[in-house]
Protein chains: 2
Amino acid sequence: MSKCQSCIIKEFNALKSLTRDELMRVSACKTGKLYKKGEVIFEEGETINGVYCVKDGVCKLSKLSENGKDQVVKLVVKGGLLGKRSLVSDQKTNLSAIALNDMEMCFIPKSEIMSDLSKNPKFTMDVLKEMANDLKDSDDSLVDMAQKSVKTRMADILLYIHDNFGTDDEGYLSIILSREDYAGIVGTATESAIRILSQFKKEGYISTKGKRIKIEDDKGLKWIE
Amino acid sequence: MSKCQSCIIKEFNALKSLTRDELMRVSACKTGKLYKKGEVIFEEGETINGVYCVKDGVCKLSKLSENGKDQVVKLVVKGGLLGKRSLVSDQKTNLSAIALNDMEMCFIPKSEIMSDLSKNPKFTMDVLKEMANDLKDSDDSLVDMAQKSVKTRMADILLYIHDNFGTDDEGYLSIILSREDYAGIVGTATESAIRILSQFKKEGYISTKGKRIKIEDDKGLKWIE
DNA sequence: TTTAAAATATGATATTTGTCATGTTATTCT
DNA sequence: AGAATAACATGACAAATATCATATTTTAAA
């Protein structure tokens, strides 16, 4: 297993504030793991005892609602941390994490990080900042969910994925999701998600190839309401 | 101005982890202020340079959506802190805070707290915990907003207010909100909010006296879908 | 490759929610 | 108190979205 010091992950997240020594200690006890598409990393109700660090792949953080539908709260890609909240609270997690494609992750036990949290103020500050940012994003999504139409939210998520996770060499969104996942993100019925994507295609905003999606008219998408 | 050491507020929030000395320094430079019902405490887009501490009254944290409606993200009562995020990030706030009734607050400049944040690990940990909790709440609300019906959300908020903020001596919810505010919390049109409350009244779940609301059948409300 | 299963697509229809109009009841101000 | 204003209420209708049914296509498995 590669050492944390040389792992690109440390460029992206709060781990970058750890000193060389701290990183060495962490890398000595972290465990790496591979997850296949669809595999559950952790489930709501579980007690997580550390943070997961995404080295490759994408996963969704979601919660099962009472009507049995899976609502996606956040997509996490390379460089993201899962389970930050577990560092701070002993409560069970309220979210599930499920791999959307094959993933490579490492797990750092809470015990290893806690000492850094109290001793390395820069690291603590970075965790605080990431959490503050998650909170802002979540609040913003809440407002969008409450006030925007399903069609607008779908346009938004397509643009979001495009802008944040990029495209492959043919211009297709590099994150490939099922229509059911899109429905889970947007918060609508799968049929509605399918219908809206079909409509976008018909109107020339996007094109598709299998389940891959290419944005053809981002300005048009931006103005959908 | 009363000193922080003797203020009940310190029992409720992250300030409780400050040492006596830290509290004394903070109390020396905090400024107290009264806000009238409807008054704006801060508005989205502003840069806040500290935290507000609610000593009395209720306010809403909300965000104006593109369609011109005010979406409430959180209600904050005695003991709550506003502007936690400003301690950690220099970004402008994404939310507005508006008093829902007459309020008493104190403001603690960021500069006064920052040194404690880096020196007092227990205090930092408490801020982290509060933020983690806000994040959990926000994610949960997001899922509810996406998956529950307007009627269910309305029932939920009535029960939430009842359970978290209590009732007056006659049994009416101690927080008094306009129908428009309810609409803003639930994320629906004002007319819909009115209609649903009327229906709840007709069906015996609640009773009203002016704009005051009393829950008559909490079990019934819990089962609405 | 063939077959079974899953994902996508689309129509028909029901339900939920929003919008506009209009009337009624409370509040506030003088 | 009386007028003005804001808040509440409700009907009629339109629009958005969900649900159910049923093809079609794609993907996975034998």
Side-chain angles (χ1 to χ4, degrees), chain A residues 36-39 65-71 98 100-102 144-158 172-173 176-203 206-214 224-225, chain B residues 36-38 65-71 100-102 144-158 172-173 176-203 206-214 224-225:
Chain A
K36 284 188 194 154
K37 176 181 173 182
E39 206 171 336
S65 71
E66 287 161 24
N67 59 32
K69 283 189 190 160
D70 205 39
Q71 177 64 42
I98 297 174
L100 290 175
N101 47 34
D102 292 352
D144 288 349
M145 203 58 85
Q147 302 285 353
K148 291 185 174 176
S149 70
V150 173
K151 215 198 295 181
T152 311
R153 278 180 269 154
M154 183 65 84
D156 285 350
I157 189 66
L158 290 173
Y172 290 93
L173 297 183
I176 295 170
L177 300 171
S178 69
R179 308 293 147 113
E180 196 180 356
D181 282 326
Y182 276 108
I185 296 171
V186 167
T188 190
T190 305
E191 296 95 320
S192 299
I194 291 173
R195 238 181 272 274
I196 288 170
L197 287 173
S198 299
Q199 194 194 336
F200 283 177
K201 196 160 60 173
K202 211 170 293 170
E203 290 166 347
I206 63 173
S207 63
T208 62
K209 194 174 188 179
K211 48 198 324 176
R212 295 191 301 158
I213 296 177
K214 191 193 313 197
I224 284 189
E225 51 180 43
Chain B
K36 285 187 194 154
K37 177 183 173 182
S65 71
E66 287 162 23
N67 59 30
K69 282 187 191 162
D70 206 37
Q71 177 64 42
L100 290 174
N101 48 33
D102 293 351
D144 288 349
M145 202 59 82
Q147 303 284 356
K148 291 184 174 176
S149 70
V150 173
K151 216 197 295 182
T152 310
R153 269 146 39 198
M154 182 66 83
D156 285 350
I157 189 66
L158 290 173
Y172 291 92
L173 298 181
I176 296 170
L177 299 171
S178 69
R179 309 293 197 230
E180 196 180 355
D181 282 325
Y182 276 108
I185 295 171
V186 166
T188 190
T190 305
E191 296 95 321
S192 298
I194 290 172
R195 236 182 275 272
I196 288 169
L197 287 173
S198 299
Q199 195 194 336
F200 283 176
K201 195 160 61 173
K202 211 169 293 171
E203 289 166 349
I206 63 173
S207 63
T208 61
K209 194 175 188 178
K211 48 198 326 175
R212 295 191 301 158
I213 295 177
K214 191 194 309 199
I224 283 191
E225 50 179 43

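Chain naming here is simple, since letters A, B, ... match the order of the sequence lines and numbering starts at 1 in each. Only heavy atoms go into these numbers, but all of them, side chains included; no hydrogens, no water, no symmetry mates.
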> Any side-chain heavy atom of A/Leu100 sitting closer than 4.5 Å to one from A/Asp181?
Replying inline: yes

> With a 4.5 Å limit on heavy-atom distance, are the side chains of A/Ile224 and A/Phe200 in contact?
Replying inline: yes

>> At 4.0 Å (heavy atoms only), tell me whether A/Lys201 reaches a base, stays on the sugar-phosphate, or touches nothing.
In response: sugar-phosphate

> What is the distance, rounded to the nearest whole Å, between atom OH of A/Tyr182 and atom P of D/dT17?
Replying inline: 19 Å

> Could you give the CD1-to-C1' distance, from A/Ile194 to D/dT25, as a whole number of Å?
Replying inline: 12 Å

> Between A/Lys202 and B/Lys148, who's closer to the 5' end of DNA chain C by nearest nucleotide?
Replying inline: A/Lys202

> Between D/dT26 atom C1' and A/Glu180 atom CD, what is the distance in whole Å?
Replying inline: 16 Å

> Looking at A/Thr188 and A/Ala193, what are the two nearest heavy atoms and their distance?
Replying inline: CG2-N, 4.0 Å

> Of all nucleotides in DNA chain C with an atom under 4.0 Å from a non-hydrogen atom of chain A, which is the first and which the last going 5' to 3'?
Replying inline: C/dT8 to C/dA12

> Given atom NZ of B/Lys37 and atom C1' of D/dA7, what is their separation to the nearest angstrom?
Replying inline: 10 Å

> Between A/Glu225 and B/Gln199, which has a closest nucleotide on DNA chain D that is more 5'?
Replying inline: B/Gln199

> Between B/Ser198 and D/dT10, does any side-chain N or O lie under 4.0 Å from OP1 or OP2?
Replying inline: yes

>> How many whole angstroms separate atom CD of A/Glu191 from atom C1' of D/dA16?
In response: 15 Å

>> Could you check whether any side-chain heavy atom of A/Asn101 comes within less than 4.5 Å of a side-chain heavy atom of A/Ile176, counting everything from C-beta outward?
In response: no

>> Measuring from atom CG of A/Leu158 to atom CD1 of A/Ile185, what distance do you get when rounded to the nearest 0.5 angstrom?
In response: 9.0 Å

> Rounding to a whole Å, what distance do you find between B/Lys211:NZ and D/dC8:C1'?
Replying inline: 9 Å

> Less than 3.5 Å between a donor and an acceptor, one on the side chain of A/Arg195 and one on the base of D/dT19, is that the case here?
Replying inline: yes

>> Just N and O in the side chain of A/Thr188: are any of them under 4.0 Å from OP1 or OP2 of D/dT17?
In response: no

> What nucleic acid atoms does B/Lys69 come within less than 4.0 Å of, heavy atoms only: base, sugar-phosphate, or nothing?
Replying inline: sugar-phosphate

> Just how far, in rounded Å, is C1' of D/dT26 from CZ of A/Arg179?
Replying inline: 11 Å

> Rounded to the nearest 0.5 Å, how far does CG of B/Leu197 lie from CZ of B/Arg179?
Replying inline: 5.0 Å

> A/Gly210 or A/Lys151: which one's nearest nucleotide on DNA chain D is closer to the 5' end?
Replying inline: A/Lys151

> What is the distance from CE of A/Met145 to P of D/dT17, rounded to the nearest Å?
Replying inline: 12 Å

>> Within the structure provided, determine whether B/Lys148 and A/Glu66 are in side-chain contact (heavy-atom separation under 4.5 Å).
In response: yes

